[in-house]
Each structure stands twice: as C-alpha cells, then as structure tokens.
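Written below as structure tokens is the structure these notes are about.
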Amino acid sequence: IEYTLDEQGLTARLAANGIRFNETDARVIGRTARGVKAIELKEGLKQLKTLAFRNLSNIEELIFPDSFESLSVGLIPNGYNYKLKTVHFGKGLKTISHLDKNYFGFEHIPHLSDLSLLKDVETVTIDPDNRYFKIENDLFLSKDGTILYAYIGKGCNELIIPKTVKEIKGHAFDSCYKIDKLIVPGTVKRIAPAFVFSRIGELIFEEGVKEISDNAFLNSYIENIKFP
C-alpha cells in the first residue's frame, strides 16, 4: 500500500495501514496498526520521530531509504516478543542520536543508542556508498574505522577490535552474552560506558588504552578482565 504524503511525491510503502506522517517534515507522528510486518520508507524521508515504531512488535523488515539521515532513539523495535529480522540503512545515514541520560531517569546509564539493539537482528546491512558508516566483521564503525559504535554480531569465540579504532562508544557491547574473549588494542584511547549488562568471558586491554569511562562495566558480569 502506498501513501502519497504531499504534491512532491514523497511516499511510504507499508505492509499495512496505521502509520501517520507529518507532511511538512516527513516525520512519523503516530501509529495505530500493530500488524505491520514490513516497512520500506520511500525516498525523501530524512528522519523519524523518537519511538516512532514503538509497540509495532510484528515488524520483521525495516528498510531506510538513501534520503534517511538521522537515526533517533527508539526506531529499532526490540524487546520480548519482537520479531525484527532485517534492517537496511541507505547511503544517506549520517547521524546517530544517543539517549539523553535523563530520558528514563537513568542518570548513570547515558549514551544509549539503537545500534546496541541490532545484535538481536538476523541481517543488518548498510549501503556500501554511505560516507559516514560501515559494517565490518559484525562491527558498526565510522567510515574511517576510528569509532566503534556497536557490536551487532550473535557471538564468537574471540573478537579482536581493529587497530584503526580510537574510540568505543557507549553501550557498544551492551548485553553481549556470547563473546568468549574480547581484545581491545592499545590504539583505542577512549572507552565510554561500553560494557553495560555484558557477560563477556574474558576482556583484555592491551598497553596504550588511556581512558575508560565511569560505569564502563555497570551491571556487567565479565568473568575476567586483564589490564596491562
């Protein structure tokens, strides 16, 4: 089903009725149907309102167009009984919003973004022509590889963070339960609260890491942490 939002031809093709748009800035401002299974937003859409797809627990596929620029918090449906299997970002994505530390009253858990939820999704892709981000070896990275935003894999025996990485963003390894060993090279200079709720078997920091943020290991259950 296609909805034409304005005379410029901005459209959104949905699997079911229920998504309502603000025609002036193309933001989703409401949702009424919970039976939506696939959403493919058409070219022209640049951003969506925070928590736009909340309660749409049956979504299996979410496709962002090349025109989409800003990933706000709450756009990746996630949680118990959620069924999201596929997410694709176009070449226009350039900003990723983080949850304000007071949004839910969690003053001690800032910097949460939707990227930490992607590890529960079967297939995550981004257009190779995107100038700002890339996905390599289950890591969501800045295009130049200097910033690690999130681990989006399903687990592994050993993960070595690339030596190009200089900063690890908050919640990058949020709730990771299936990494036996994670090695952080000395090229990483700053680590935000990246390991909240994680259960990594062994976490090894190599010589050179300079700054590890407060609450980096909040509510984590890491069996063994090695510092140089």
Side-chain angles (χ1 to χ4, degrees), residues 69-71 73 76 87-101 108-121 123-228:
E69 297 179 350
S70 178
L71 181 66
V73 176
I76 306 299
V87 175
H88 174 75
F89 299 104
K91 61 184 179 182
L93 182 66
K94 61 182 180 180
T95 60
I96 298 171
S97 299
H98 286 73
L99 186 68
D100 182 85
K101 65 181 181 180
H108 58 302
I109 312 180
H111 314 304
L112 181 63
S113 79
D114 271 16
L115 294 184
S116 62
L117 306 177
L118 292 175
K119 64 183 178 301
D120 298 320
V121 179
T123 303
V124 181
T125 56
I126 188 166
D127 192 295
D129 291 331
N130 186 289
R131 296 186 298 158
Y132 304 95
F133 306 105
K134 64 181 178 180
I135 296 173
E136 289 183 354
N137 299 322
D138 293 329
L139 297 175
F140 201 104
L141 301 158
S142 60
K143 193 68 172 184
D144 62 3
T146 60
I147 301 174
L148 170 55
Y149 288 92
Y151 171 71
I152 59 174
K154 307 300 178 289
C156 60
N157 293 329
E158 181 177 281
L159 175 62
I160 302 175
I161 293 175
K163 292 185 177 181
T164 57
V165 174
K166 296 181 179 179
E167 179 181 1
I168 300 177
K169 288 290 190 179
H171 295 260
F173 294 92
D174 189 319
S175 302
C176 285
Y177 299 150
K178 296 181 180 180
I179 299 178
D180 295 333
K181 180 188 289 187
L182 174 62
I183 300 174
V184 181
T187 54
V188 176
K189 302 306 178 186
R190 182 179 184 278
I191 301 174
F195 305 101
V196 177
F197 303 115
S198 66
R199 293 175 180 258
I200 297 169
E202 184 176 20
L203 177 57
I204 300 174
F205 294 96
E206 295 185 343
E207 185 71 40
V209 177
K210 290 185 176 180
E211 179 184 346
I212 300 177
S213 179
D214 293 342
N215 300 315
F217 309 106
L218 183 69
N219 292 330
S220 66
Y221 299 89
I222 301 172
E223 297 178 12
N224 188 16
I225 302 178
K226 294 182 178 180
F227 295 97

| field | Distance-only side-chain donor-acceptor flag, T95 / S70, under 3.5 Å | value | yes

State, with a plain yes or no, whether a side-chain heavy atom of [X] is found less than 4.5 Å away from one of [Y].
X    : Y    : result
L159 : F173 : yes
V196 : N215 : no
F140 : I126 : yes

Would you give the length of the straight line joining atom [atom1] of [X] to atom [atom2] of [Y], rounded to the nearest 0.5 angstrom?
X    : Y    : atom1 : atom2 : value
Y149 : E167 : OH    : CD    : 7.5 Å
I183 : K163 : CD1   : NZ    : 10.0 Å
F89  : I96  : CZ    : CD1   : 7.5 Å
I191 : I212 : CD1   : CD1   : 4.5 Å
F217 : I200 : CZ    : CD1   : 9.0 Å
I152 : I135 : CD1   : CD1   : 4.0 Å

| message | Can you confirm whether more than 12 heavy atoms, excluding those of N137, are under 6.0 Å from its CG atom? | response | no

If you compare all heavy atoms of [X] against all heavy atoms of [Y], which two are closest, and at what distance to 0.1 Å?
X    : Y    : answer
A192 : A216 : O-CB, 4.0 Å
K119 : S175 : CE-O, 3.4 Å
P228 : E207 : CB-OE1, 3.3 Å
P185 : P162 : CG-O, 3.9 Å

Within the side chain of [X], is there an N or O that forms a donor-acceptor pair under 3.5 Å with the backbone of [Y]?
X    : Y    : answer
K94  : K91  : no
K154 : V121 : yes
N130 : F133 : yes
K181 : I204 : no

| Derivation of the side chain to side chain contact (heavy atoms under 4.5 Å, CB included) call for K189 and K210 | CA-CA 5 Å; K189 302 306 178 186; K210 290 185 176 180; 4.1 Å; yes

| message | Below 30° counts as parallel, above 60° as perpendicular, anything between as tilted: where do the rings of F205 and F195 land? | response | perpendicular

| field | Test log, rule side chain to side chain contact (heavy atoms under 4.5 Å, CB included), inputs Y151 and S198 | value | CA-CA 11 Å; Y151 171 71; S198 66; over 6 Å; no

| query | Does the side chain to side chain contact (heavy atoms under 4.5 Å, CB included) test come out yes or no for I168 and V184, once each step is laid out? | reply | CA-CA 10 Å; I168 300 177; V184 181; 4.3 Å; yes

| task | Show the numbers, then the answer: is there a side chain to side chain contact (heavy atoms under 4.5 Å, CB included) between T164 and D144? | result | CA-CA 8 Å; T164 57; D144 62 3; over 6 Å; no

